[in-house]
Amino acid sequence: MSDRLAALLLVVAAAAYGAAAWHLEVPFAYEPVGPRAFPLMIAALVALAAAALAAQPDPEPHWPSPALLARSALVVGTLALYAALFSALGFPLSTAAATLVLGRTFGAGWTKCAAGGLGLGLGLYLLFDRVLDVTLPLGPLSPG
Amino acid sequence: MSTLAQLSHGLALAVTPLNLGLAALGSFLGTLIGALPGLGPINGVAILLPIAYAIKLPAASALILLAAVYYGCEYGGRISAILLNVPGDAGAIMTGLDGHPLALKGMAGPALSLSGWSSFVGAIVAFLGIVALGPLLARWALLFGPAEYFALMVFAFACLTSMVGRNPVKTLLGGCLGLALATVGVDAGTGVYRYTFDDVHLSDGIPFLVVVIGLFSVSEILMLLEQTAAGQAMMRVSGRLLFTLAEMRATWWTTLRASVTGFLIGVLPGTGASIASAVSYMTEKRLLDREGTFGKGDLRGLAAPEAANNAAAGGALVPMLTLGVPGSGTTAILLGALTLYDIQPGPLLFTQQPDLVWSLIASMLIANVMLLVMNLPLVGIFVRLLRIPYWLLVPGIAAISFIGVYSVHGTTFDLLLMTGLGVLAWVLRKFDVPLAPVILGFVLGDIMEQELRRALSISGGDWRILVHSPVSIALWALATGMAFAPALLRRLRGRP
């Protein structure tokens, strides 16, 4: 069932992808094959493969239990927030916060996670920004 | 210059303090990453590539570091396979079959050291193979035109489709996704923007590092969450550590045979360490297993897959260096690393970048000697480091991945895109879609389209140019054969 649903989504995606290629406007062309052909080939291939998938689907994949799915969602949310706030909060603070939440999700206690977060945030900042010369954002911690 | 002279020149370049240090660091980190269950060479190389790029290592040095990580992982995978019966990476699945029973018998020490030795022999055979085969293949590949190149890349995808993953249709879909991701951005031929949604961040295309980290770091974090490796009992290493001379002699021919098979399998595009180790294990079992000792702790059953997976890892470098067509996910990332440094991969690499190619080949020798040293007397350190808890490892991987991607453009957009691609990759893995074709498609997409359009420019739009020369016809025939061979074999076997 999952495979059939995925095949349907793939056909829709291939159609959208192919249509977007079809509508590309090329002001002037020096070569016989423009920028449309290759994406159209891919779209056709995906549509064919999706049809094959719908005709012969695999057994249902092992979806994680609701509890595990909730934890996965929490990890995704944490990573997305980490990404969104990386620059604004700065590396040390955002890393410490992300480590706190991720560590908890992976089953460690508050103290351990807080210590780990501080260690990673500061340690990696010093290693990369100071020693290896990879500039990292400091956020509100930046002087001045 | 003769091959030997070039090799010694490469050795001279590889023994600078920086490169030696990087080879040692890469070997160490690679063994560790390989040993950690869940993380394999592709993750190790993916996570370290942006860092190598960010700290502005020169191209040759960055490749030496990454290649050492790659070889190191093939050594490391066996440690957890033997001690935990959990393969550290895909190449080590067969190692556990005889390795873990040996550990249960109290032979953990000799099992670890003998497999380290087999790994070394495999790597050295691969090294000799590259030196002998590389320049030859590169010279031959110079005869390729755009049409032959296009056919060669189709062949690589066909190999991958029939070898990787359980469902060829899904492998094909993964490859298509990679190709589609590669079409994002400004079109080099006409200057038309494709799939950029008028977003300035996408006008240069999706950055390679964003795709690599999303696919192989972020999605791995989500997979690690599901692993229930916790609660596994680690075997204690006690008693004698080193294998005896008699044990080495008993496994010598097995090791050599497996090394040669492994190398040849590695050279084929699409087939990597995991297939090589499975094939040579089954071969040795059929040849030698008269008393039914395989699977119960036979040293030969341990030596064969370990020699084969290291030889295959080296062999996979051959098509990448000589043809510019990687044979596996990990070598696809190494190839992408070249393009990051504006080095055009392909058959001209050997003539235009001899320093890079030969120092990389020479470093293979150096890194493997280091790995042998690290994996014989120092194996205890890795065993202790295997206890890094996930609650610290996972945030560490996340932070290092974010640093790597952020250091390229310094935009929040890239970080969010990486996270999104990671979630997509996790869904793909749930659906049993392998990720190696995705990265192969992404790396080859641009070149593939350019070669196709170049060929058709030459012919004035006549598609028959694609099957114009004997070489391209042969490649198309091989590709078709590869794509349909497994289905055909299955049918033949089904009807005795």
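Keep in mind that the numbers below use all heavy atoms, side chains included, and drop hydrogens, waters and symmetry copies. A, B, ... follow the sequence lines: proteins, then strands. Residue 1 opens every chain.
Proximity to chain A (any heavy atom under 4.5 Å) is shown, for Leu393(B), by neither the backbone nor the side chain. Only the side chain of Leu452(B) comes within contact range of chain A, judged by heavy atoms closer than 4.5 Å. Contact of Tyr17(A) with chain B is made through backbone and side chain together, with heavy-atom distances under 4.5 Å. Leu48(A) does not touch chain B: none of its heavy atoms, backbone or side chain, sits under 4.5 Å away. Residue Leu456(B) touches chain A through both its backbone and its side chain, counting heavy-atom pairs closer than 4.5 Å. Only the side chain of Phe91(A) comes within less than 4.5 Å of a heavy atom in chain B; its backbone stays farther off. Only the side chain of Leu69(A) comes within less than 4.5 Å of a heavy atom in chain B; its backbone stays farther off. For a residue to count as touching a neighbouring chain, one of its non-hydrogen atoms must lie under 4.5 Å from one of that chain's; by this rule Ala98(A) does not touch chain B. The parts of Ile55(B) that come within reach of chain A are both its backbone and its side chain, each placing non-hydrogen atoms under 4.5 angstrom from that chain. For a residue to count as touching a neighbouring chain, one of its non-hydrogen atoms must lie under 4.5 Å from one of that chain's; by this rule Leu53(A) touches chain B with backbone and side chain alike. When heavy atoms are compared at a cutoff of 4.5 Å, Thr99(A) approaches chain B by way of both its backbone and its side chain. In this structure, chain A has a heavy atom under 4.5 Å from the backbone of Tyr193(B), while its side chain stays farther away. Residue contact with chain B, scored on non-hydrogen atoms closer than 4.5 Å, involves the side chain of Leu120(A) exclusively.
In terms of non-hydrogen atom pairs under 4.5 Å with chain B, the most contact-rich of Arg104(A), Lys112(A), Gln56(A) is Lys112(A). Between chain B and the residues Thr135(A), Leu10(A), Thr105(A), Asp3(A), the most heavy-atom pairs under 4.5 angstrom are made by Asp3(A). If you tally non-hydrogen atom pairs under 4.5 Å between each of Ala80(A), Gly123(A), Ala84(A) and chain B, the highest count goes to Ala84(A). Chain B forms the most heavy-atom pairs under 4.5 Å with one residue out of Ala49(A), Ala6(A), Ala88(A), and that residue is Ala49(A). Of the listed residues (Ser87(A), Ala37(A), Gly107(A), Gly121(A)), the one with the most heavy-atom contacts under 4.5 Å to chain B is Ser87(A). Between chain B and the residues Ser65(A), Ala14(A), Ser2(A), Gly116(A), the largest count of heavy-atom pairs under 4.5 Å involves Ser2(A). By number of non-hydrogen pairs under 4.5 angstrom with chain A, the leading residue of Leu179(B), Val192(B), Thr419(B), Ile403(B) is Ile403(B). Contacts with chain A were tallied for Asp432(B), Asn167(B), Asp414(B), Leu392(B); Asn167(B) has the most, counting heavy-atom pairs under 4.5 Å. Options Ala180(B), Gly445(B), Gly175(B), Ala54(B) differ in how many heavy-atom pairs under 4.5 Å they form with chain A, and the most are formed by Ala180(B).
Under the side-chain contact (heavy atoms from CB on, under 4.5 Å) test applied with Val184(B), the options Asp204(B), Ile206(B), Asp199(B) reduce to a single match, Ile206(B). Checking Leu39(B), Asn43(B), Leu36(B) one by one against Ile397(B), the side-chain contact (heavy atoms from CB on, under 4.5 Å) holds for a single residue, Leu39(B). Shown are Leu224(B), Leu222(B), Val394(B); of these, the side-chain contact (heavy atoms from CB on, under 4.5 Å) with Val75(A) is made only by Leu222(B).
Inter-residue side-chain proximity for Thr412(B) and Tyr406(B) is flagged as unmet; no heavy-atom pair is nearer than 4.5 Å. Side-chain contact between Pro395(B) and Thr95(A): absent, with no pair of heavy atoms (C-beta onward) separated by less than 4.5 Å. Counting heavy atoms from C-beta on, the side chains of Val46(A) and Val11(A) never come closer than 4.5 Å.
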Item checked: Full working for side-chain contact (heavy atoms from CB on, under 4.5 Å) between Val134(A) and Asp129(A) -> CA-CA 5 Å; Val134(A) 177; Asp129(A) 194 277; over 6 Å; no
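Under 3.5 Å, the side chains of Arg429(B) and Ser219(B) contain a donor-acceptor pair of N or O atoms. Side-chain atoms of Asp187(B) and Thr190(B) form a donor-acceptor pair, as typed in the model, at a separation below 3.5 Å. Arg454(B) and Tyr149(B) are not linked by any side-chain donor-acceptor pair at a separation below 3.5 angstrom, with hydrogens and angles left out of the test.
In this pair, Phe431(B) and Trp63(A) present their aromatic rings perpendicular. The plane angle is above 60°, beyond the 30 to 60° band. In this structure, Tyr82(A) and Phe402(B) have parallel ring planes: the angle between them is below the 30° cut-off, well short of the 60° mark.
The existence of a salt bridge linking Arg36(A) and Glu449(B) is excluded, since no basic side-chain nitrogen approaches an acidic carboxylate oxygen closer than 4.0 Å.
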